[in-house]
Amino acid sequence: MEDNVLELGKEICEAFICGDWRYIPVSKLRHYEHSKDVIRRCHICHSNIVLMKEGKDPAHFEHRPGNPDCLLSYDKLDPEKDRASVTITSLSYEQVEESYNFEELIPFTFRASSALGTLADIEDIERTQINRTLRKQLIDARCGQGEFRKSLISYWKACAVSGADKLELLIASHIKPWSVCDNKERLDVYNGFLLSPNIDRAFDHGLISFKDDGTILISKRFESAQAFGICEEQSVKVEEKHRPYLRFHRENVLRK
């Protein structure tokens with residue numbers, strides 16, 4: 001192994017910061033309060049990733065959905081190191097040291113429902129080897145349009161929470177975030193709510209969620225909820241098929 005190459009794998013990822021993809025230590029990114037809003041990807045295959053929670057040390061990421069072709073895929077990891085990073089990558093010592101300098105810039109890049117995040121997801125879809133019809137359905141769904149939106153309008157007919165029925169103002173929102181869904185989940189009507197813009201943003205940012213019985217959960221960090229028309233008396237109609245998606249949202253998106 002050359003001297004300028006590190007035995008690094010999943011402790012480093014790429015984040016889109018200030019107009020460019022930059023190497024970022026996962027340990028730094030996962031401590032950022034809004035890390036779920038940061039556009040990030042695997043630095044090897046450029047696929048979607050999720051950051052492992054605190055306690056999963058050393059800090060690392062996993063592909064979602066999995067990518068068996070990537071050098072950092074689960075089945076290529078050293079079993080003796082138990083999902084920690086092992087694969088030799090092309091990062092030099094200088095690049096890794098530089099990655100720690102970008103921590104202060106992390107707040108300048110957001111995923112959420114931003115146009116930039118949408119474009120990044122569309123690029124991922126375009127790179128995927130799937131048939132043209134499914135590709136169009138997925139792109140439309142990511143943009144809140146197409147059959148996914150139509151199916152939510154047919155199912156909910158109004159905002160799932162407030163009952164507001166001005167359809168052109170309502171947003172087709174995924175319950176389990178797009179970035180961690182497989183293609184089937186991305187088009188599943190039970191993985192979606194039709195929401196007013198203010199409720200959609202609060203739900204997307206983890207400021208609210210819902211129990212299995214539909215009762216609203218308001219994050220302790222959302223002290224101004226009422227000013228945005230959100231209160232503890234609100235609820236949604238929940239069926240059994242919604243519950244796995246809502247469970248994921250409560251456990252991984254809702255801010256504690």
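Just so it is clear, the values below take in all heavy atoms, side chains as well, and ignore hydrogens, waters and symmetry mates.
Between Leu29 and Cys13 there is a side-chain heavy-atom pair separated by less than 4.5 Å. Counting only heavy atoms from C-beta outward, the side chains of His46 and Glu14 approach each other to under 4.5 Å. Put simply, the side chain of Asn48 does not reach to within 4.5 Å of the side chain of Arg40, judged on heavy atoms.
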Go through the steps for Leu194 and Arg149 under the test side-chain contact (heavy atoms from CB on, under 4.5 Å), then give the verdict.
CA-CA 8 Å; Leu194 197 63; Arg149 177 177 172 79; 4.3 Å; yes

Residue pair Ile208, Ser219: steps toward the side-chain contact (heavy atoms from CB on, under 4.5 Å) verdict
CA-CA 6 Å; Ile208 63 171; Ser219 169; over 6 Å; no

One pair to check against salt bridge (Lys or Arg N to Asp or Glu O under 4.0 Å): Glu168 and Lys166. What are the steps and the verdict?
CA-CA 6 Å; Glu168 57 265 40; Lys166 196 69 171 174; 3.5 Å; yes

Chi angles and distances behind the side-chain hydrogen bond (donor to acceptor under 3.5 Å, both in side chains) call for His63, Ser47:
CA-CA 7 Å; His63 297 88; Ser47 297; 5.4 Å; no

Verify side-chain contact (heavy atoms from CB on, under 4.5 Å) between Ile199 and Ile230, making sure each step is shown before the conclusion.
CA-CA 7 Å; Ile199 300 175; Ile230 296 172; 4.2 Å; yes

Set out, in order, the CA-CA distance, both residues' side-chain angles and the distance that settles ring-ring contact (aromatic ring centres under 6.0 Å, His included) for Phe203 and His249, then state yes or no.
CA-CA 9 Å; Phe203 186 71; His249 190 275; 3.8 Å; yes

With side-chain contact (heavy atoms from CB on, under 4.5 Å) as the criterion, how do Ile218 and Glu232 come out once you've worked through the C-alpha distance, each side chain's angles and the decisive distance to 0.1 Å?
CA-CA 7 Å; Ile218 302 176; Glu232 295 180 350; 4.0 Å; yes

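No donor-acceptor pair under 3.5 Å is formed between the side chain of Arg30 and the backbone N or O of Leu51. Between the Gln234 side chain and the Gly229 main chain, a donor and an acceptor come within less than 3.5 Å of each other. Without hydrogens or angle criteria, Lys28 side chain to Pro25 main chain gives no donor-acceptor distance under 3.5 Å. Of the possible polar contacts, one joining the Ser151 side chain to the Phe148 backbone as a donor-acceptor pair under 3.5 Å is found. The closest donor-acceptor contact from the side chain of His60 to the backbone of Met52 lies at 3.5 Å or more, if one exists at all. The backbone N or O of Ala164 sits less than 3.5 Å from a side-chain atom of Ser162, completing a donor-acceptor pair. Looking only at distances, no side-chain donor or acceptor of Arg41 sits under 3.5 Å from a matching main-chain atom of Ile49.
Ser235 is linked by a side chain to side chain contact (heavy atoms under 4.5 Å, CB included) to nothing, counting only residues two or more places apart in sequence or in another chain. Take Glu239 and apply the side chain to side chain contact (heavy atoms under 4.5 Å, CB included) test, not counting sequence neighbours, and it matches Tyr155, Tyr190, His242.
The heavy-atom pair separating Glu240 from Arg243 by the smallest distance is OE1-NH1, 2.5 Å. Scanning all heavy atoms of the two residues, the minimum distance from Val236 to Ala160 falls at CG1-O, 3.5 Å.
Leu187 CG to Cys181 SG: the interatomic distance, rounded to the nearest 0.5 Å, is 9.5 Å. Atom NE2 of His205 is separated from atom CZ of Arg255 by 7.0 Å, given to the nearest 0.5 angstrom. With values rounded to the nearest 0.5 angstrom, Asp200 atom CG is found 4.0 Å from Ser173 atom OG. Of the inter-residue distances, the one linking Ile175 atom CD1 with Ser209 atom OG reads 8.5 Å to the nearest 0.5 angstrom. Interatomic distance, CG of Leu246 versus CG of Leu217, reported as 9.5 Å (0.5 Å rounding). Annotation: the span from Leu195 atom CG to Leu169 atom CG amounts to 13.0 Å, rounded to 0.5 Å.
Here the rule is side-chain contact (heavy atoms from CB on, under 4.5 Å) with Asn191, and of Lys241, Lys184, Lys176 only Lys176 fits it.
Residue Phe228 places its CZ atom among 12 or fewer non-hydrogen atoms of other residues, nucleotides or ligands, all under 6.0 Å distant.
Taken together through direct or relayed side-chain contacts under 4.5 Å among Ile, Leu, Val, Met, Phe, Trp and Tyr, Phe193 and Ile171 form parts of separate hydrophobic clusters.
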